[in-house]
Protein chains: 2
Amino acid sequence: MPSDTPQPDFVLVRPQMGENIGAAARAMWNFGLDRMRLVVPRDGWPNSSAVAMASGAGRVLDEARLMGDVAEAVADCHYVMATTARARGLTKPVLSPERAMQVAAERIAAGEKVAVLFGPERAGLENEDVSKANAIINVPVNPAFPSLNLAQCVLLTGYEWRRAQGGITPERVDMARADWAEQIEVEKLAEHYETRLEDAGFFFPEHKAQGMRTNLRNMWSRMPLTRADVQMLHGVLRQMVRWKERGD
Amino acid sequence: MPSDTPQPDFVLVRPQMGENIGAAARAMWNFGLDRMRLVVPRDGWPNSSAVAMASGAGRVLDEARLMGDVAEAVADCHYVMATTARARGLTKPVLSPERAMQVAAERIAAGEKVAVLFGPERAGLENEDVSKANAIINVPVNPAFPSLNLAQCVLLTGYEWRRAQGGITPERVDMARADWAEQIEVEKLAEHYETRLEDAGFFFPEHKAQGMRTNLRNMWSRMPLTRADVQMLHGVLRQMVRWKERGD
């Protein structure tokens with residue numbers, strides 16, 4: 001079992017080298033973090049190179065949860081942040097690592113589950129991955145040399161997590177009692193809209209369809225949706241379909 | 001020549017592996033630091049493994065100054081800080097990386113030269129090295145797993161240097177670039193949905209209709225909508241109506 005200490009889950013998305021997974025585990029455990037999720041590591045799992053590199057932080061790997069895709073990896077989370085060097089045109093709040101871990105600490109203290117996504121070594125996260133996040137974490141590196149590797153990005157985020165543990169008040173300012181939707185609920189909402197809009201011929205013309213889908217998903221994940229909002233938005237769509245089917 | 005940008009000098013004391021010197025150079029240059037001093041690197045200097053690892057940060061190595069001992073390395077400095085995991089009974093101020101780089105920034109702004117000492121990979125700095133420093137920098141790691149390597153320690157210190165420059169706002173809402181919808185546009189969106197959902201028979205039963213309308217309006221007004229979001233949401237609704245009217 002991972003520790004009971006409240007903390008964010010760090011999600012390594014399609015990591016390539018086992019050594020880097022091990023180095024990320026070490027970086028996490030340096031700052032007391034031991035909840036890792038792995039989305040389809042390239043070389044399979046378990047991975048002996050990861051274990052060799054992790055050495056004293058092997059427990060992080062022992063407890064790592066293997067996931068089939070990013071959606072599954074964040075399904076039970078209320079708030080998701082994506083580390084990326086470039087915002088790439090997606091409209092989302094961009095947080096410094098410091099601010100991001102303050103937000104994470106506040107939300108976790110309020111009982112939410114928080115996940116942080118880290119992309120594969122070379123390419124980083126795809127836009128489609130980032131579109132599933134509520135906010136972006138951007139490390140303020142030298143623009144002439146932005147070359148943080150996976151474990152370094154994990155390290156800086158973990159360091160800020162640890163720093164955020166000092167003097168954080170548990171209550172959140174806005175809507176502390178709101179019943180926020182979990183990520184799986186937002187995902188299902190996005191799917192519901194995507195499916196019905198597909199039927200309705202919304203994603204047209206063909207060469208724009210993928211971009212339109214990404215924009216729509218990005219919008220849902222960026223919205224501060226409560227459970228009630230999600231239910232209402234399902235209801236809106238269902239009613240439109242019923243209306244169509246009535247044909248009145 | 002190293003850059004003119006005021007900055008501390010990072011002093012690697014008796015580093016062992018060339019790869020780690022290269023990784024430290026990369027870590028420095030990520031945060032715009034390019035003044036390295038090397039105290040008797042174990043495998044001599046220059047070192048091809050260091051160069052290979054540094055890749056894009058090779059200029060940091062090209063300009064690195066080779067020193068015969070720690071005393072020589074800090075001879076021209078006004079203020080010296082030593083990174084170490086343990087204070088080991090030396091009576092000296094112990095600073096967090098954040099505080100240390102604030103102090104460094106203040107002193108450098110006042111015209112002083114500041115150096116930061118980093119110890120060799122395994123053993124860290126000797127007491128004799130630490131005794132030459134004015135203060136100790138201690139990274140707040142997990143006491144059960146204090147395993148930062150050389151480049152990671154350089155990375156965190158460089159990161160705090162960059163943060164101390166003040167250019168980094170805790171939350172950069174990239175939404176300066178976002179084209180937010182005006183209130184009138186959100187209002188028209190709410191009306192559009194309300195009208196169409198009225199036609200579709202959404203507000204039912206009658207005694208709940210007013211509450212449902214209010215909830216829906218409240219949701220739209222609470223969402224951080226851009227102009228593009230508003231247009232997309234109009235498009236979603238229009239397409240559902242077209243679908244209904246096609247009756248396919």
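Heavy-atom basis, side chains included; hydrogens, waters and symmetry copies ignored. Here the structure is a predicted model, which means the values were calculated and not measured. Note on naming: letters A, B, ... go to the chains in the order of the sequence lines (proteins, then strands), and numbering restarts at 1 for each one.
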Report the option among L225(A), L233(A), L33(A) that has the most heavy-atom pairs separated by less than 4.5 Å from atoms of chain B.
L233(A)
Chain B shares the most heavy-atom pairs under 4.5 Å, among A27(A), P143(A), G235(A), with G235(A)
When you measure from the side chain of N30(A) to the backbone N and O of S147(B), does any donor-acceptor pair fall under 3.5 Å?
yes
Quick check for you: to the nearest 0.5 Å, what is the distance between [X] atom [atom1] and [Y] atom [atom2]?
{"X": "L148(B)", "Y": "Y159(A)", "atom1": "CG", "atom2": "OH", "value": "10.5 Å"}
{"X": "E160(A)", "Y": "R163(B)", "atom1": "CD", "atom2": "CZ", "value": "5.0 Å"}
{"X": "E198(B)", "Y": "Q239(A)", "atom1": "CD", "atom2": "CD", "value": "11.0 Å"}

Just wondering, do [Y] and [X] contact through their side chains at under 4.5 Å, heavy atoms?
{"X": "V141(A)", "Y": "R162(B)", "answer": "no"}
{"X": "R26(B)", "Y": "N149(A)", "answer": "no"}
{"X": "M240(B)", "Y": "W243(A)", "answer": "no"}

Given that the side chain runs from C-beta out, which part of F204(B) has a heavy atom under 4.5 Å from chain A: side chain, backbone, both or neither?
neither
For P146(B), is it the side chain, the backbone, both or neither that has a heavy atom under 4.5 Å from a heavy atom of chain A?
backbone
Among [options], residue most engaged with chain A (heavy-atom pairs, under 4.5 Å):
{"options": "G158(B), S55(B), A151(B), G201(B)", "result": "G201(B)"}
{"options": "V236(B), V241(B), L197(B)", "result": "V236(B)"}
{"options": "N142(B), L237(B), N215(B), D229(B)", "result": "N142(B)"}

Of all the heavy-atom pairs spanning [X] and [Y], show the shortest one and how long it is.
{"X": "D199(B)", "Y": "R246(A)", "value": "O-NH2, 4.2 Å"}
{"X": "F31(A)", "Y": "L156(B)", "value": "CZ-CD1, 3.9 Å"}
{"X": "M212(A)", "Y": "M232(B)", "value": "O-SD, 4.5 Å"}

Check step by step if side-chain contact (heavy atoms from CB on, under 4.5 Å) holds for T226(A) and M219(B).
CA-CA 9 Å; T226(A) 62; M219(B) 184 190 72; over 6 Å; no
So, the part of L216(A) with a heavy atom under 4.5 Å from chain B: the answer is both
Given a strict heavy-atom distance threshold of 4.5 Å, which part of A228(A) is in contact with chain B: side chain, backbone, both, or neither?
neither
